[in-house]
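One-based numbering, in listed order, for ligands and for the atoms of each.
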Amino acid sequence: MTIAPRHFRIATLPGDGIGNEVVPAAISVLDVLGEINGIRFDWKTQEWGCEYFLRTGRMMPDDALEQIAGDDAIFLGAVGAPGVPDHESLWGMLIPIRREFDQYVNLRPARLLAGVPTPLAGVVPADLDMAVIRENVEGEYSRIGGRLYAGTPHEMVIQESVFTRRGVERVMNYAFELASRRRGDVTSATKSNGIVFTMPFWDEIFAERSAAHPGVTTQQYHIDALVAHFVLDPKRFDVVVASNLFGDILTDLGAAVAGSIGIAPSANINPERLHPSMFEPVHGSAPDIAGQGIANPVGQIWSGAMMLDHLGEADAAAQLMKAIEGVLADGIKTRDLGGTATTVEVAAAIVDRLKADAT
Ligand code: GGG
């Protein structure tokens, strides 16, 4: 009896800069993994991003979200390029996708993999394995505010933050549920000593959610102390829940202490599955190294493993993680990790490893 391959249609958005190098590298790996596991991907590539913006004045066409709304997942590379203001590129593509598809959880694992050097003295892989849950659709990233008296000595700007009870509760619930499947601890990132309305509200809801999840222990730190603990004692963290801005900053730090931002993956998840979720590396478009073939593809490939997990292909995701870890442990690494391999060489080594493990 032959079994028909599972088929997934993936909206593929390489975007800008090194996105155009790491996305094809990851696809070369995922296609082989798919062949091994009876999975077929239909990579529906869209050339949206800053080049599109420079031609059309928009990062994506007007009906972009309608075009991808029915896809099984979105696989995104990076967004941003010199010549396009960063707020145009982010608010023209990444943020509308996250918001329109209600991807309110941004799950960003920070894990030290064997063979990857950490800048932290004396820290081994068992000491650094956390998942940061970043609230992804509200918080400090808002378009509410304004600018008055531009160009005069009285110039002023106001930028509002938006925290809703529904928004905070649901992302915290996700963090508690995730922790209950991991080591059972959630840390909240706050700053309620300085930010007097939104952060005490955040703390209040954290206390309520904690009471509703009695099997999970909790910690709470002001963001300034929390970043110090990330560096000095990462072992104390299992799941960390943070607002949009705090989570964004924390996860670059988490990636750096885990060896390189080049390996950090992320999943923008709509847990109710009413819309497609989006998988992208934490890193940006890195114009300084774009076009040289030296970008680390691991963040993109690991994001592919998270996508497979979300699509119900946990075995294939586990095979991929094993292959990534094996290749890094063998010392096949790009320059950001102290190696000399190119983007394509790292991807090819992961493919070889997948094939070897499958025989
Ligand atoms: N790979 C995603 C990407 O290009 N990120 C660039 C960036 O600036 N992201 C900000 C954010 O995640 O909110």
Peer 1: Report yes or no: do R236 and Y221 form a side-chain donor-acceptor pair below 3.5 Å?
Peer 2: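 Short answer, yes.
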
Peer 1: May I ask you to identify the nearest protein heavy atom to atom 7 (C) of ligand 1, giving residue, atom name and distance to one decimal place in Å?
Peer 2: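 For this ligand atom, the closest protein heavy atom is L90 CD1, 3.9 Å.
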
Peer 1: Given R134, Q300, E280, which one has a non-hydrogen atom that is nearest to atom 2 (C) of ligand 1?
Peer 2: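 Ranked by closest heavy atom to atom 2 (C) of ligand 1, first place is E280.
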
Peer 1: Would you mind listing which atoms of ligand 1 come within a distance below 4.0 Å of any non-hydrogen atom of R108?
Peer 2: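 Contacts of ligand 1 toward R108, numbered from 1: 12 (O).
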
Peer 1: Does one side chain, of D16 or S285, offer a donor that lies under 3.5 Å from an acceptor on the other?
Peer 2: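 Result is no, nothing qualifies.
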
Peer 1: Show the atoms of ligand 1 that are less than 4.0 angstrom away from any heavy atom in H283.
Peer 2: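 This gives 1 (N), 2 (C), 3 (C), 4 (O), 5 (N) as the contact atoms.
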
Peer 1: Can you find an N/O atom of V79 closer than 3.5 Å to an N/O atom of ligand 1?
Peer 2: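 Yes, at least one N or O pair falls under 3.5 Å.
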
Peer 1: For ligand 1, which is the ligand I care about here, please tell me if G77 has any N or O atom under 3.5 Å from one of the ligand's N or O atoms.
Peer 2: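 Right, the criterion is met.
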
Peer 1: Side chain, backbone, both or neither: which part of N244 comes within less than 4.0 Å of ligand 1 when only heavy atoms are counted?
Peer 2: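 Looking at N244 and ligand 1, no heavy atom falls under 4.0 Å.
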
Peer 1: Could you check whether the rings of F163 and W202 sit parallel, tilted or perpendicular, using 30° and 60° as the cut-offs?
Peer 2: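 Rings of F163 and W202: perpendicular, as their planes differ by over 60°.
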
Peer 1: Do the side-chain N and O atoms of Q319 and D357 include a donor-acceptor pair separated by under 3.5 angstrom?
Peer 2: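 Per modelled atom types, Q319 and D357 side chains form no pair under 3.5 Å.
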
Peer 1: Enumerate the atoms of ligand 1 whose separation from the nearest heavy atom of R98 is less than 4.0 angstrom.
Peer 2: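 Result: 11 (C), 12 (O), 13 (O).
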
Peer 1: Any salt bridge between E280 and R98, counting N to O under 4.0 Å?
Peer 2: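 Salt bridge present between E280 and R98.
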
Peer 1: Under 30°, 30 to 60°, or over 60°: which ring-plane class applies to H154 and Y149, parallel, tilted or perpendicular?
Peer 2: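 Plane angle over 60°, so perpendicular.
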
Peer 1: Could you list which atoms of ligand 1 come closer than 4.0 Å to a heavy atom of A78?
Peer 2: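 In order of numbering, the contacting atoms are 1 (N), 4 (O).
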
Peer 1: With atoms numbered from 1 as shown, which atoms in ligand 1 lie under 4.0 angstrom from a non-hydrogen atom of P281?
Peer 2: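 In order of number, 1 (N), 2 (C).
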
Peer 1: Between the side chain of K355 and the main-chain N/O of V32, is any donor-acceptor distance below 3.5 Å?
Peer 2: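 Between the backbone of V32 and the side chain of K355 there is no qualifying donor-acceptor contact (under 3.5 Å).
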
